[in-house]
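The next block holds one structure in the form of structure tokens; read it before the comments.
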Amino acid sequence: MPELPEVETLCRQLQRKICGHKILSSKVYDDKLANMKKIRGGKVIAVERKGKTIVISLDDDSSILIHLRMTGRLLWQDSPARPKHSRWRITFNDGNVFLVDPRRFATVKVEKTVTEKTVNDLLTGFDEKKFMETQARRKVNVKILLMDPKAIAGIGNIYACEILHKAGISPLRRASTLSVKEWKTVFSYAKRILKKGIEKRGTSISDWRDLYGCQGENQHDLKAYGQEGKSCSICGGTICRIKQGGRSTFYCPNCQK
DNA sequence: AGAACCGCCTGCTTGC
DNA sequence: TGCAAGCAGGCGGTTC
């Protein structure tokens, strides 16, 4: 599923591919996205990421906001032929961008362009002081907090598991029990792991692909997520799987305290 | 107010 | 082999 590194990968590819190009048409295949029929030929002036949202800014002072949720993908095709599970298409002079999304969770909307960065994005504008004041004392499990987009934008299940594993912190700890030093460790590893995910062009668990249909490489480097029953790369213990908030958490009970 | 839970969806895996 | 049930989960909304 697309998380911060996957969305960043798409944004970089889109920036190169469609920036400066005019939208020629918009075709909606899924009635849930009917509001996108109204798109008219603006020119793309920037493609940026805010958390996990893809922001395509147009020269008419509006922005297209795309959130891929679980199974959404963006696919470039020279041909306008509709791929399986595609829900929406925008056409440029040299090709098309399709929103492909089997489970139809992805959302798209058009809004007036906003310039200020109000998103708590770890890599582009994280307010650590504010986080420590408003989030760090919460009683929810630390893993739930890492996945809360109002607390930190961009971290999903896979990277939350990886970050806590590397930091040696149990996902079951309540956020309020972490020391300042432990938070520093979490932030440090979080940035490092997310940057590595971007370098590897994302984690191709299930059906993630980049704009050109290529897999990422990060799935080969996962140390916790999906590693149930395997030995821990840090201590040799056994990675186990539990449920938190209805989702799978993978961690090593031996070295994550 | 904050924590926990629900609903949206459908392809894939599992079990009989 | 075929079918049904179970599972996957980001995040906004609702309930406790």
Side-chain angles (χ1 to χ4, degrees), chain A residues 1-11 28-35 49-55 65-75 82-88 98-109 111 118-122 130-164 171-178 190 194 197 202-209 213 215 218-219 222 224-229 239-251:
Chain A
M1 52 230 81
E3 296 186 36
L4 189 151
E6 290 76 24
V7 175
E8 178 69 25
T9 299
L10 280 176
C11 282
V28 173
Y29 305 106
D30 180 345
D31 284 343
K32 282 180 78 179
L33 305 179
N35 59 329
R49 180 184 61 76
K50 286 191 177 179
K52 291 187 202 167
T53 302
I54 297 166
V55 182
L65 309 183
I66 303 171
H67 197 301
L68 298 172
R69 308 277 170 158
M70 303 288 302
T71 53
R73 294 170 45 197
L74 293 179
L75 177 67
R82 184 185 173 190
K84 197 176 181 185
H85 301 308
S86 53
R87 305 173 59 203
W88 178 50
F98 286 90
L99 172 62
V100 179
D101 182 21
R103 282 161 70 181
R104 302 171 64 207
F105 277 16
T107 55
V108 185
K109 57 185 174 180
E111 284 185 358
T118 53
V119 168
N120 245 341
D121 191 304
L122 256 182
K130 187 180 169 196
F131 179 92
M132 293 306 289
E133 288 168 358
T134 64
Q135 302 296 328
R137 291 191 196 91
R138 287 174 58 185
K139 291 184 169 53
V140 289
N141 291 340
V142 58
K143 190 231 180 187
I144 302 290
L145 182 56
L146 286 181
M147 291 175 62
D148 181 347
K150 289 185 284 296
I152 304 179
I155 299 177
N157 202 23
I158 296 173
Y159 290 96
C161 291
E162 293 300 307
I163 289 163
L164 289 173
L172 295 165
R173 290 264 302 277
R174 284 174 181 267
S176 56
T177 68
L178 269 68
L194 291 172
T203 303
S204 291
I205 292 286
S206 70
D207 46 11
W208 156 254
R209 298 290 185 280
Q215 293 197 16
N218 201 51
Q219 63 275 20
L222 297 179
Y225 185 89
Q227 308 301 303
E228 182 184 17
I239 302 290
C240 72
R241 170 180 181 153
I242 60 172
K243 282 275 186 188
Q244 283 184 290
R247 296 172 185 88
S248 292
T249 295
F250 297 87
Y251 80 115

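If you're wondering where the values come from, they're calculated on a predicted model, not measured in any experiment. Residue numbers start from 1 in every chain, and the chains themselves are labelled A, B, ... in the order their sequence lines are given, proteins ahead of strands.
In this structure A:Thr134 satisfies the side-chain hydrogen bond (donor to acceptor under 3.5 Å, both in side chains) test with no other residue, sequence neighbours excluded. For A:Pro149, the side-chain contact (heavy atoms from CB on, under 4.5 Å) test picks out no residue, with sequence neighbours left out. With sequence neighbours left out, A:Glu8 forms a side-chain hydrogen bond (donor to acceptor under 3.5 Å, both in side chains) with A:Arg12, A:Arg49. Residues meeting the ring pair (Phe, Tyr, Trp, His ring centres under 6.0 Å) test with A:Phe250, sequence neighbours left out: A:Tyr225. Applying the side-chain hydrogen bond (donor to acceptor under 3.5 Å, both in side chains) rule to A:Arg174 yields no partners; only residues at least two apart in sequence or on another chain are considered. Contacts of A:Asn141 classified as side-chain hydrogen bond (donor to acceptor under 3.5 Å, both in side chains), with partners at least two apart in sequence or in another chain: none. A:Phe105 pairs by the ring pair (Phe, Tyr, Trp, His ring centres under 6.0 Å) definition with nothing, not counting sequence neighbours.
Taking the side chain as every heavy atom from C-beta outward, A:Ile152 and A:Asp121 never approach each other to under 4.5 Å. By the 4.5 Å heavy-atom criterion applied to side chains, A:Leu10 and A:Leu68 are counted as neighbours.
Contacts of residues 135-143 of chain A with DNA chain C (heavy atom under 4.0 Å): none.
Geometrically, A:Arg82 engages A:Tyr29 in a cation-pi contact, judged by NZ or CZ lying under 6.0 Å from the ring centre and within 45° of the ring axis.
Taken over five-pair windows at either terminus, the axes of the helix from B:dG2-C:dC16 to B:dC16-C:dG2 are inclined to one another by 60° (rounded to 10 degrees).
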Heavy-atom protein contacts under 4.0 Å, nucleotides 9-16 of chain C, coded B base, S sugar-phosphate only, - none: BBB-----
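The salt bridge (charged side-chain N to carboxylate O under 4.0 Å, His left out) contacts involving residues 99-109 of chain A comprise A:Asp30-A:Arg104, A:Arg87-A:Asp101, A:Lys109-A:Glu111, where partners must be two or more places apart or lie in separate chains.
If you walk DNA chain B from 5' to 3' and mark each nucleotide with an atom closer than 4.0 Å to a heavy atom of chain A, the marks span B:dA3 to B:dG11.
Checking A:Glu3, A:Lys143, A:Arg247 one by one against A:Asn157, the side-chain hydrogen bond (donor to acceptor under 3.5 Å, both in side chains) holds for a single residue, A:Lys143.
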